*Asks:* 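Submitted below is the structure of interest, expressed as structure tokens.
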2 protein chains.
Amino acid sequence: MKKISMQLEKANLKKTKHRLLILKILAETNDFLSADDLFIRAKQSDTKISLSTVYRILDSFAEKKIVSTLNIDNSKQVYYEMAHQEHAHHLICLDCQSVIHIKDCPIHDYQSQLSKTYNFQVKRHSLEFYGYCSKCQKSKKNQ
Amino acid sequence: MKKISMQLEKANLKKTKHRLLILKILAETNDFLSADDLFIRAKQSDTKISLSTVYRILDSFAEKKIVSTLNIDNSKQVYYEMAHQEHAHHLICLDCQSVIHIKDCPIHDYQSQLSKTYNFQVKRHSLEFYGYCSKCQKSKKNQ
DNA sequence: GTGTTTAATGCTAACCATTTGCATTTAGAC
DNA sequence: GTCTAAATGCAAATGGTTAGCATTAAACAC
Ligand SMILES: [Mn+2]
Ligand SMILES: [Mn+2]
Ligand SMILES: [Zn+2]
Ligand SMILES: [Zn+2]
């Protein structure tokens, strides 16, 4: 995967095997992952990685905007995904944690309107939808 | 404040002095408060309250929908406010933590449209705006 | 390739918001 | 007033995350 190591180059981060591995796992995964999820998956390829390394890698990735973070619902852990090119939002299944990525944003106009009304300089917003994916809706009916 | 003790009655919670006090502080405050914020304020009226009591009270309030919770940005602590009658959103100042409460929701139609498009049963959403309030915009210019 | 420099890593202990166990107190019902 | 279950205080435990420090490895010059 040339593309993956390119990202580190562009971000001015050393290409270590652990960084490449975490990046690969993130690239292969559609859903949000916690640091521990990533640690467990990484150990399957490389038994000699430590959890603090995973945290430090994720911190460096977040700083360089390679990943973006999310607090799923009110859980106390942080979840990570590969950052999107464009601003995006998510439908998150409360049952299976699967994620649908929504590439458009319905509130740009609303946001600039808010800015004027309240003289508040909006820097960013969070918008996430929680509910049940089609798969989980079905299995709930059957139980 | 009759209104306050009414809320406990309706929720079927015992009217203890600590619960009434926490409720009073929440009612007087416009912004979100952490458990520790509430603990500090409560101690000013009642030196004999413990932090775990504050947590337990907040848990009971959250369960009865007397308060609603928020994870401000990516901080690891939970913030609480008196729950709104109707669904609401917020403008949160990244500098002074002040909050503007927005009583309308711009995405109801969008949400039902999403539901159909993705066959995803949306149960709730979070929408919060982060930026700088008018006061903090000014003080940044002056510095 | 070797050597040098500096950032990355592993391991362990610390941190800090939150939760829990348990003995004691108190609200609400009688 | 008595009684009972729920609420509380205190201390210890939990769990995700961060920090300290000695060791290793990328990147770069030669
Ligand atoms: Mn996404
Ligand atoms: Mn509010
Ligand atoms: Zn699902
Ligand atoms: Zn402000």
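Bear in mind the structure is a predicted one, so any value in this text is a computation, not a measurement. The sequence lines fix the lettering, A, B, ..., with proteins before strands; numbering per chain opens at 1.
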*Asks:* Indicate whether OP1 or OP2 belonging to C:dT19 is found under 4.0 Å from a side-chain N or O atom of B:Ser52.
*Replies:* no
*Asks:* Is atom CG of A:Asp109 surrounded by more than 12 heavy atoms (other residues, nucleotides or ligands) closer than 6.0 Å?
*Replies:* no
*Asks:* When you check the phosphate oxygens OP1 and OP2 of D:dA7, does a side-chain N or O of B:Thr16 lie under 4.0 Å from one of them?
*Replies:* no
*Asks:* Can you check the A:Lys76 NZ to D:dA13 C1' distance for me, whole Å?
*Replies:* 12 Å
*Asks:* Cut-off 3.5 Å, side chains only: do B:Ser50 and B:Thr53 have a donor facing an acceptor?
*Replies:* yes
*Asks:* How close or far is atom C1' of D:dT18 from atom CG of B:Asn74, stated in whole angstroms?
*Replies:* 15 Å
*Asks:* Rounded to the nearest angstrom, tell me the gap between atom CG in A:Asn12 and atom P in C:dA7.
*Replies:* 12 Å
*Asks:* Would you mind reading off the distance between B:Leu51 atom CG and D:dC10 atom C1', rounded to a whole angstrom?
*Replies:* 12 Å
*Asks:* Output yes when at least one side-chain N/O atom of A:Ser50 is less than 4.0 Å from OP1 or OP2 of C:dG10, else no.
*Replies:* yes
*Asks:* Starting from the 5' end of DNA chain D, give me the residue, A:Lys15 or B:Ile57, whose nearest nucleotide shows up first.
*Replies:* B:Ile57
*Asks:* Could you tell me how far apart A:Lys48 (NZ) and C:dC11 (C1') are, to the nearest whole angstrom?
*Replies:* 10 Å
*Asks:* Nearest nucleotide by nearest heavy atom, which residue falls closer to the 5' end of DNA chain C, B:Leu13 or B:Asp36?
*Replies:* B:Asp36
*Asks:* Rounded off to whole Å, could you give me the CZ-to-P distance for the A:Arg19 and C:dG10 pair?
*Replies:* 12 Å
*Asks:* Nearest heavy atom decides the nucleotide; on that basis, is A:Arg56 or B:Lys14 closer to the 5' end of DNA chain D?
*Replies:* B:Lys14
*Asks:* Indicate whether any N or O donor in one side chain lies under 3.5 Å from an N or O acceptor in the other, for A:Tyr79 and A:Glu81.
*Replies:* no
*Asks:* Kindly say whether the aromatic ring centers of B:His89 and B:His125 come within a distance under 6.0 Å.
*Replies:* yes
*Asks:* For D:dG9, take OP1 and OP2 only and decide whether either is under 4.0 Å from a side-chain N or O of B:His18.
*Replies:* yes
*Asks:* Do the rings of A:Tyr110 and B:Phe129 sit parallel, tilted or perpendicular, given the 30° and 60° boundaries?
*Replies:* tilted
*Asks:* Taking atom C1' of D:dA6 as reference, at what distance in whole Å does atom CG of B:Asp59 sit?
*Replies:* 15 Å
*Asks:* Expressed in angstrom and rounded to an integer, what is the separation of A:Ile49 atom CD1 from D:dA25 atom C1'?
*Replies:* 15 Å
*Asks:* Report yes if at least one side-chain N or O of B:Tyr55 is closer than 4.0 Å to OP1 or OP2 of C:dT19; otherwise report no.
*Replies:* no
*Asks:* Given C:dC11, D:dC10, D:dT17, identify the nucleotide with an atom nearest to the side chain of A:Gln77.
*Replies:* D:dT17
